[in-house]
Student: 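Shown below is the structure under consideration.
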Amino acid sequence: MLIDTGSSLSWLQCQPCTSYCHVQVEPIFNSSTSKTYQTLPCSSSQCSSLKDATLNDPSCETKSGSCMYRATYGDSSFSIGYLSQDILTLTPSQTLAKFVYGCGQNNEGLFGLTAGILGLAHDKLSMIAQLSPKYGYAFSYCLPTSFSAVNSSKEGFLSIGSSSLAKSSFKFTPMVKNPKIPSLYLLDLTTIKVGRKPLKVATSSYKVPTIIDSGTVITRLPRSLYEALRKAFVKIMSKKYKQAPGVSILDTCFHGSVKSMLTVPGIQMIFRGGADLTLNAHNTLLEIQRGITCLTIAGHDGQNAISIIGNFQQQTFTVAYDVSNSKIGFAPGGCQ
């Protein structure tokens with residue numbers, strides 16, 4: 001399953017895949033073999049909650065009266081199917097009796113070989129919200145790098161409940177509420193430093209909503225902020241490495257491999273309250289083509305100025321979401 005803090009509804013592909021199921025690693029779930037599986041009716045309160053969870057109106061299957069969901073994503077991927085209920089088993093001894101999720105019958109897009117999505121957003125239908133009465137409204141995770149060894153002693157993880165906040169090295173920043181996007185996790189980005197020097201931008205450049213999202217790969221910044229970061233980064237990098245043409249949205253590129261680049265300026269993102277992400281080369285550079293390495297941060301234009309902290313920049317940090325107390329924390333070195 002894909003872990004997505006930007007999605008509320010969890011869903012997985014279900015037989016008989018009446019329209020389309022993409023290829024996945026494990027066998028596709030067959031709900032008819034589960035004695036505890038049931039679809040939820042259109043009259044249910046959970047069906048009424050779908051609009052908030054997916055931003056799409058639910059529909060009703062005429063013959064059965066079953067509630068149908070439609071989950072859509074920014075990259076045009078989507079899943080359509082039955083709103084369902086079954087036992088969720090986390091470990092043999094840890095279960096949730098009436099877990100609400102989607103049983104997908106038409107699932108198309110960029111889901112890789114996964115079975116579906118675990119929705120961890122701030123909404124009552126998210127998996128975390130449903131588990132919160134039992135374990136506490138909190139979770140943490142660490143995303144490993146793509147370079148990590150398969151048998152690494154510090155593997156990536158998802159930890160659920162208040163006990164996931166136990167690490168003493170967390171630095172926290174307050175969650176910011178935005179009524180226009182209430183289910184997303186937002187924070188206040190106050191400063192960006194490149195090579196330990198703050199960017200030369202007006203304070204107002206930072207005053208845009210900043211989302212942290214495990215389901216977005218590349219960090220996106222408003223154009224003015226990005227151009228200042230790009231200028232500072234290129235100024236240091238170009239002393240040692242020749243610039244290369246951009247690739248798609250990544251327009252800050254250099255000749256060479258990540259491993260060969262020994263002099264890479266650190267990028268530090270500082271949030272309100274002093275929490276920070278101090279990013280080294282494995283969090284900022286990616287070899288896009290053989291011998292072409294690019295900065296994994298991009299600018300974006302548009303009237304709705306927004307920043308998104310993507311998962312590439314979160315790799316190897318333990319990221320904690322203390323939803324009960326409205327704060328997000330970071331601790332370095334959580335996994336490899």
Side-chain angles (χ1 to χ4, degrees), residues 1-22 24 28-89 96-111 114-134 137 139 177-186 211 213-216 323:
M1 303 284 277
L2 292 167
I3 294 172
D4 190 6
T5 59
S7 300
S8 299
L9 181 70
S10 299
W11 62 266
L12 73 165
Q13 302 197 109
C14 290
Q15 292 186 27
C17 299
T18 52
S19 293
Y20 179 79
C21 283
H22 57 264
Q24 66 176 58
I28 292 174
F29 179 61
N30 184 353
S31 60
S32 66
T33 62
S34 170
K35 293 175 183 174
T36 48
Y37 173 84
Q38 62 183 105
T39 57
L40 288 166
C42 303
S43 57
S44 65
S45 61
Q46 294 93 333
C47 189
S48 303
S49 299
L50 272 177
K51 180 69 186 283
D52 286 341
T54 65
L55 304 182
N56 295 309
D57 287 311
S59 58
C60 203
E61 191 176 62
T62 314
K63 286 182 183 176
S64 64
S66 297
C67 179
M68 304 287 293
Y69 75 89
R70 179 184 178 91
T72 52
Y73 304 94
D75 60 8
S76 300
S77 302
F78 65 85
S79 173
I80 300 169
Y82 296 102
L83 190 64
S84 308
Q85 206 170 52
D86 208 339
I87 297 173
L88 171 66
T89 303
L96 181 67
K98 293 184 176 180
F99 177 60
V100 178
Y101 68 101
C103 216
Q105 299 295 320
N106 186 8
N107 320 292
E108 298 183 39
L110 303 176
F111 303 116
T114 65
I117 282 181
L118 285 183
L120 303 182
H122 193 182
D123 178 88
K124 62 184 175 185
L125 280 189
S126 83
M127 185 181 84
I128 293 301
Q130 291 185 63
L131 290 168
S132 64
K134 199 169 186 178
Y137 207 165
F139 65 98
K177 290 183 170 60
N178 187 320
K180 291 181 181 176
I181 38 177
S183 67
L184 298 181
Y185 297 107
L186 289 93
I211 298 164
D213 183 14
S214 68
T216 295
V323 186

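Values reported hereafter were calculated over all heavy atoms of this structure, with side chains retained and with hydrogens, waters and symmetry mates removed.
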Student: How would you list, by chain and number, every residue that makes a side chain to side chain contact (heavy atoms under 4.5 Å, CB included) with P182, sequence neighbours excluded?
Tutor: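 P182 satisfies side chain to side chain contact (heavy atoms under 4.5 Å, CB included) with no residue once adjacent residues are dropped.
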Student: Name all pairs fulfilling the salt bridge (Lys or Arg N to Asp or Glu O under 4.0 Å) condition that reach into residues 42-52, sequence neighbours left out, sorted by first residue then second.
Tutor: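 Salt bridge (Lys or Arg N to Asp or Glu O under 4.0 Å) check on residues 42-52 returns K51-D57.
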Student: Using side chain to side chain contact (heavy atoms under 4.5 Å, CB included), reason through L120 and M127 one step at a time and then give a plain yes or no.
Tutor: CA-CA 6 Å; L120 303 182; M127 185 181 84; 4.0 Å; yes
Student: Report the C-alpha separation of L131 and L96 in whole Å, then their side-chain angles, then the decisive distance to 0.1 Å, and conclude whether the side chain to side chain contact (heavy atoms under 4.5 Å, CB included) test is met.
Tutor: CA-CA 7 Å; L131 290 168; L96 181 67; 3.9 Å; yes
Student: Measuring from atom CD1 of I117 to atom CG of D4, what distance do you get when rounded to the nearest 0.5 angstrom?
Tutor: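 It comes to 5.0 Å.
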Student: Can you name the closest pair of heavy atoms from N107 and H22 and give their distance?
Tutor: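 Looking at all heavy atoms of both residues, the shortest contact is O-ND1, 3.6 Å.
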Student: Determine, for cysteines C42 and C47, whether their SG atoms are under 2.5 angstrom apart.
Tutor: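 No, because the SG atoms of C42 and C47 are not under 2.5 Å apart, which misses the disulfide cut-off.
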Student: Please confirm whether the backbone N or O of L40 pairs with a side-chain atom of Q85, one donor and one acceptor, at under 3.5 Å?
Tutor: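 A pair under 3.5 Å: no.
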Student: With a 4.5 Å heavy-atom cut-off, do M68 and Y82 have their side chains touching?
Tutor: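 Yes - at least one pair of side-chain heavy atoms lies under 4.5 Å apart.
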Student: S34 side chain to N30 main-chain N or O, any donor-acceptor pair under 3.5 Å?
Tutor: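 Side chain of S34 to backbone of N30, a donor-acceptor pair under 3.5 Å: no, none is there.
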Student: Rounded to the nearest 0.5 Å, what's the gap from OG1 on T114 to CD1 on I3? Could you check?
Tutor: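 Answer for the OG1-CD1 pair, T114 versus I3, is 11.0 Å.
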Student: Atom CG in L55, atom CG in L50: separation rounded to 0.5 Å?
Tutor: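 Taking CG in L55 and CG in L50, the distance rounds to 11.0 Å.
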Student: Do you know which of Y37, Y101, W11 makes side-chain hydrogen bond (donor to acceptor under 3.5 Å, both in side chains) with S84?
Tutor: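 Among Y37, Y101, W11, the one that satisfies the side-chain hydrogen bond (donor to acceptor under 3.5 Å, both in side chains) with S84 is Y37.
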Student: Say you draw a straight line from CG of D213 to OG of S7; how long is it, rounded to the nearest 0.5 Å?
Tutor: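 Rounded to the nearest 0.5 Å, the CG-OG separation comes to 7.5 Å.
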Student: Is S8 reaching over with its side chain to a backbone N or O of A121, donor-acceptor style, under 3.5 angstrom?
Tutor: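 Between the backbone of A121 and the side chain of S8 there is no qualifying donor-acceptor contact (under 3.5 Å).
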Student: Excluding sequence neighbours, so at least two apart, what forms salt bridge (Lys or Arg N to Asp or Glu O under 4.0 Å) with D75?
Tutor: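 Expected list: none.
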Student: Could you report the tightest heavy-atom contact between V100 and Q130, atom names first, then the distance?
Tutor: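 Heavy atoms only, the tightest pair is N-OE1, 2.8 Å.
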Student: Would you check if L9 and L83 make a side-chain contact, meaning some heavy-atom pair closer than 4.5 Å?
Tutor: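 Of all side-chain heavy-atom pairs linking L83 with L9, at least one is under 4.5 Å.
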Student: What's the spacing between Q105 CD and C21 SG if we round to 0.5 Å?
Tutor: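 The CD atom of Q105 sits 6.5 Å away from the SG atom of C21.
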Student: With sequence neighbours left out, which residue pairs that include part of residues 119-134 fulfil the salt bridge (Lys or Arg N to Asp or Glu O under 4.0 Å) condition?
Tutor: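 Applying salt bridge (Lys or Arg N to Asp or Glu O under 4.0 Å) to every pair that reaches into residues 119-134, excluding sequence neighbours, yields nothing.
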Student: Check the pair S10 / F99 against side chain to side chain contact (heavy atoms under 4.5 Å, CB included), numbers first and verdict last.
Tutor: CA-CA 10 Å; S10 299; F99 177 60; 4.0 Å; yes
Student: Could you tell me the separation between the NZ atom of K98 and the CG atom of D86, rounded to the nearest 0.5 Å?
Tutor: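 The distance works out to 12.0 Å.
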Student: With sequence neighbours left out, write down each residue that passes side chain to side chain contact (heavy atoms under 4.5 Å, CB included) with F78, or none if nothing qualifies.
Tutor: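 Once residues adjacent in sequence are excluded, the partners of F78 under the side chain to side chain contact (heavy atoms under 4.5 Å, CB included) criterion are T72, I80, N106, E108.
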Student: Tell me the closest heavy-atom pair linking S126 and G119, and the distance in Å.
Tutor: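 Result for this residue pair: CB-O, 3.5 Å.
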Student: The criterion is side-chain hydrogen bond (donor to acceptor under 3.5 Å, both in side chains); which residues satisfy it with Q46, sequence neighbours excluded?
Tutor: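 Applying side-chain hydrogen bond (donor to acceptor under 3.5 Å, both in side chains) to Q46 gives none.
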Student: Would you name the heavy atoms of I28 and C17 that are closest together and state the gap between them?
Tutor: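 Closest approach of I28 to C17, heavy atoms only: CD1-SG, 4.0 Å.
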Student: When you measure from the side chain of Q15 to the backbone N and O of S31, does any donor-acceptor pair fall under 3.5 Å?
Tutor: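 No; zero donor-acceptor contacts below 3.5 Å.
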Student: Are any non-hydrogen side-chain atoms of T5 and F139 less than 4.5 angstrom apart?
Tutor: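 SC-SC contact between T5 and F139 confirmed.
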Student: After noting the C-alpha distance and the side-chain angles of T216 and I211, does the key distance pass the side chain to side chain contact (heavy atoms under 4.5 Å, CB included) rule?
Tutor: CA-CA 10 Å; T216 295; I211 298 164; over 6 Å; no
Student: Does the side chain of S79 pick up a donor-acceptor pair with the side chain of Y69 at under 3.5 Å?
Tutor: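 Yes, a side-chain donor-acceptor pair sits under 3.5 Å.
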